[in-house]
Protein chains: 4
Amino acid sequence: MTERSRPLRADAARNRARVLQVAYETFAQEGAAVPIDEIARRAGVGAGTVYRHFPTKESLFQAIVADRMHQVIERALAQAAADPGEGLYAFLFQMAEQGATDLGLTDAVAGVGFDLAEALPDAERKFMDTVADILARSQRAGTVRSDVDAADIKTLIVGLQAMRRFRGDSELMHRVYPLIRAGLAVPEPPRSA
Amino acid sequence: MTERSRPLRADAARNRARVLQVAYETFAQEGAAVPIDEIARRAGVGAGTVYRHFPTKESLFQAIVADRMHQVIERALAQAAADPGEGLYAFLFQMAEQGATDLGLTDAVAGVGFDLAEALPDAERKFMDTVADILARSQRAGTVRSDVDAADIKTLIVGLQAMRRFRGDSELMHRVYPLIRAGLAVPEPPRSA
Amino acid sequence: MTERSRPLRADAARNRARVLQVAYETFAQEGAAVPIDEIARRAGVGAGTVYRHFPTKESLFQAIVADRMHQVIERALAQAAADPGEGLYAFLFQMAEQGATDLGLTDAVAGVGFDLAEALPDAERKFMDTVADILARSQRAGTVRSDVDAADIKTLIVGLQAMRRFRGDSELMHRVYPLIRAGLAVPEPPRSA
Amino acid sequence: MTERSRPLRADAARNRARVLQVAYETFAQEGAAVPIDEIARRAGVGAGTVYRHFPTKESLFQAIVADRMHQVIERALAQAAADPGEGLYAFLFQMAEQGATDLGLTDAVAGVGFDLAEALPDAERKFMDTVADILARSQRAGTVRSDVDAADIKTLIVGLQAMRRFRGDSELMHRVYPLIRAGLAVPEPPRSA
DNA sequence: AATGAATGAGCCTTCATTCAT
DNA sequence: AATGAATGAAGGCTCATTCAT
């Protein structure tokens, strides 16, 4: 996605990956207010090195989000292929789970303090395509009502992430998630006399 | 709730109210990172005046949240009294609406960056009591399934606020809200043969 | 000293005296960093009232020092009249005692952060005259060596105040004060063969 | 005393030393109320640089005091070794001299606004040990009366510093210092008949 | 390329002083 | 005359970003 005239030197590539990973974990745990110096310290590099790879804090954010998006999409597609009927529900669940421990991703998806569509239009488009794909498969499988579209699902993802962060994993799963699922299910036709 | 030996002087009361209002709007729009100086500027007072009324930024937050909570609760109870069956749905909608333009309230309810239960235990308790009250009325009216409790509703509120912020009012109302409502409705009994 | 066209109204005079007293106690206990608002609060008046009587914090300081100086001088002269030989020692002791609990007076005498001679030349002159007077009486009484002058005594006062503040009253009296006294006493003439 | 995993980079060490020196001079001249920004300006660095080396204003104070203490102790021990009988007097004189131009050191020794024993217990202990050592040597040499202890000497130091600050160097030396010395000298035994 | 020191704008908060009530 | 609210200039400290080593 990011093009470079020359591939990174091996040690530079290692540093970049390490910073990305550490930054992801740190922001996820502590929020976006963590100083870059702290990221550098945890990654075992100098602050200058972080800035060499990511010229602003914002760009580090972007890189993290792009990275996560990529992973999320891969996994979702795999699940949908394996079980189309459950695909959408599995995806929703997975996104809630991710988002709960991943403030950056959540906010990126929700567009809070970070405009995904503007910052990473490719990632945004690919994400929406994936949602549409998975949704269509589940609808064809008859497990999701047909008057729901990809934008609705994205909205639910945003909501579920917030809920998941607010309430514990297990409680969300057992108490709220079923409500959402019931809402998405194909409604019973009115009982005929 | 806050007691003062003597009521504030007229000018002071005016300033206090003005700061509160401006701070509410500003935080809602810009988030909690806005400097106090900016609040003061918008309110047309000196920074010292803000600090006279609210000795820390945190306390200004608290005052805003307490104020909003109070209003929200009042309105919700009035609605529930007028139409018990619709009470819960009206409440959910109202909270989503409020929360969308009111980051402070949202975060306070969700416990993000502000521990409502700790900072304003009275407000928190009253809020939960109100939720339980409205829910019970709707359940008695037969419009909400009985295996849902106040904590579930609070979770949904958090989710709806996030969704509402993400998506426009009208779209949320027409596309996502019905799903939530369907999920909360009393399920059809399995069709007997 | 300070002239006024009209004498203060009774209530104003009462307020002025009260502020002076409270400010003296507060500065003595807490140091000069105490805000004027705090003085006002303790005195039970508004901050504006303090400023009506003492147009700056500095001037409040001056008034306190002048007041204390006056009292110190009165008492010292009385003691010297009663017992000329002990007069100087009593005076030194008294000043150490005062100064220990009275940061303002100490610093004023020492000229630290407050130039007594410049701010209150009358008080300064009167103080030095008093020192000279008491010293002369003790020298005539034969209890103090004759090659010591008023400036030396003032220097010792400054030192004793610092020492007293550093060490407790009783320890200063029993361990260090005798050394000073021995130093001031008329030296033994060299033993003839 | 302070250990660092790696020695500071040359430029950093230069800056640190420069800040320390400038801060010493500035605090000595102007007192502790000088803003850090002013120190930084005089040192020709940014405020952030001061804070990099000394994370709080307090810690800058401590570093200065520790530095001075170290020098004072070294010098005093050297003098005492060279001339035990004069050692204590030389020490007193030196401390008075230092303290007069060094509000930080004075206040640290006197415990005014800075609790040496708490902030730098090692320095405090070493200082007291040094005082005791020098005193003992002078007492053994017969130049100081035996009923004086290290705490008394410390008290005198506090007093002398205050006096020195109040009065010029030469005057203190010629007029007051002899009094103190006379007080410390071994008293003449009462003349036998 | 990496390092980490330096920068400096900006934030929260305090407080001497002024001024409307 | 008294009150206490308002002002606004600092001050200590943080941190994104730049730059010398």
Side-chain angles (χ1 to χ4, degrees), chain A residues 8-13 15-16 33-41 44-58 60, chain B residues 6 8-16 19 33-41 43-58 60, chain C residues 8-13 15-16 33-41 44-58 60, chain D residues 6 8-16 19 33-41 43-58 60:
Chain A
L8 283 175
R9 251 169 46 180
D11 56 344
N15 270 340
R16 186 180 193 282
V34 178
I36 287 288
D37 277 15
E38 174 66 14
I39 307 282
R41 206 182 52 71
V45 301
T49 301
V50 177
Y51 275 91
R52 163 166 295 270
H53 292 295
F54 309 98
T56 63
K57 201 182 183 183
E58 177 76 12
L60 175 55
Chain B
R6 236 174 294 185
L8 280 176
R9 245 166 53 180
D11 55 345
R14 219 178 308 122
N15 270 334
R16 186 181 193 281
V19 166
V34 180
I36 287 287
D37 278 16
E38 174 66 14
I39 309 275
R41 207 183 51 72
V45 301
T49 300
V50 177
Y51 278 93
R52 161 169 286 268
H53 292 295
F54 308 98
T56 63
K57 202 182 181 184
E58 177 76 11
L60 176 55
Chain C
L8 283 174
R9 253 167 46 179
D11 54 346
N15 271 339
R16 186 180 194 282
V34 179
I36 287 288
D37 277 16
E38 175 66 15
I39 307 282
R41 205 183 52 71
V45 301
T49 302
V50 176
Y51 275 91
R52 164 165 293 271
H53 292 295
F54 309 99
T56 64
K57 203 181 182 184
E58 178 74 12
L60 175 55
Chain D
R6 236 175 294 185
L8 279 177
R9 244 165 53 181
D11 55 344
R14 218 178 310 122
N15 270 334
R16 186 181 194 281
V19 167
V34 179
I36 286 287
D37 278 17
E38 174 66 14
I39 308 277
R41 205 182 53 69
V45 300
T49 300
V50 177
Y51 278 96
R52 162 170 285 269
H53 293 293
F54 308 98
T56 62
K57 201 182 182 184
E58 177 76 11
L60 176 55

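Residue numbers start from 1 in every chain, and the chains themselves are labelled A, B, ... in the order their sequence lines are given, proteins ahead of strands.
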Carefully, step by step, assess D:F54 and D:I36 under the rule side-chain contact (heavy atoms from CB on, under 4.5 Å). CA-CA 11 Å; D:F54 308 98; D:I36 286 287; over 6 Å; no
Is there any protein nitrogen or oxygen under 3.5 Å from a nitrogen or oxygen in nucleotides 19-21 of chain E, and what are the pairs?
none

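- Under the 4.5 Å side-chain criterion, counting only non-hydrogen atoms from C-beta, D:V45 is not in contact with D:I39.
- Taking atom CZ of D:R41 as the reference point, atom P of E:dA6 lies 19 Å away to the nearest angstrom.
- Between A:N15 and E:dA1, a side-chain N or O to OP1/OP2 separation shorter than 4.0 Å is absent.
- Across the helix from E:dA2-F:dT21 to E:dT21-F:dA2, the helix axis at one end is tilted relative to the axis at the other end by 10° (nearest 10 degrees, each axis from five pairs).
- Place B:D37 and C:D37 on DNA chain F by their nearest nucleotides, and C:D37 ends up nearer the 5' end.
- For A:T49, counting side-chain heavy atoms from C-beta on, the closest listed nucleotide (E:dG4, E:dA2, F:dA6) is E:dA2.
- Taking every side-chain heavy atom of A:R52 into account, E:dA1 is the closest of F:dT7, E:dA1, E:dT17.
- The A:A12 side chain lies nearest to E:dA1 when the options are F:dT17, E:dA1, F:dA6.
- Smallest separation of non-hydrogen atoms from C:K57 and C:V34: NZ-O, 3.1 Å.
- Side-chain nitrogen and oxygen atoms of D:H53 include at least one within less than 4.0 Å of the OP1 or OP2 phosphate oxygen of E:dA6.
- Taking for each of D:A47 and B:A47 the nucleotide of DNA chain F with the nearest heavy atom, the 5'-most of the two is the partner of B:A47.
- Distance from the side chain of D:P35 is smallest to F:dG12 among E:dT17, F:dG12, F:dA1.
- Comparing F:dA1, F:dT17, E:dT13 against the side chain of B:K57 picks out E:dT13 as the nearest.
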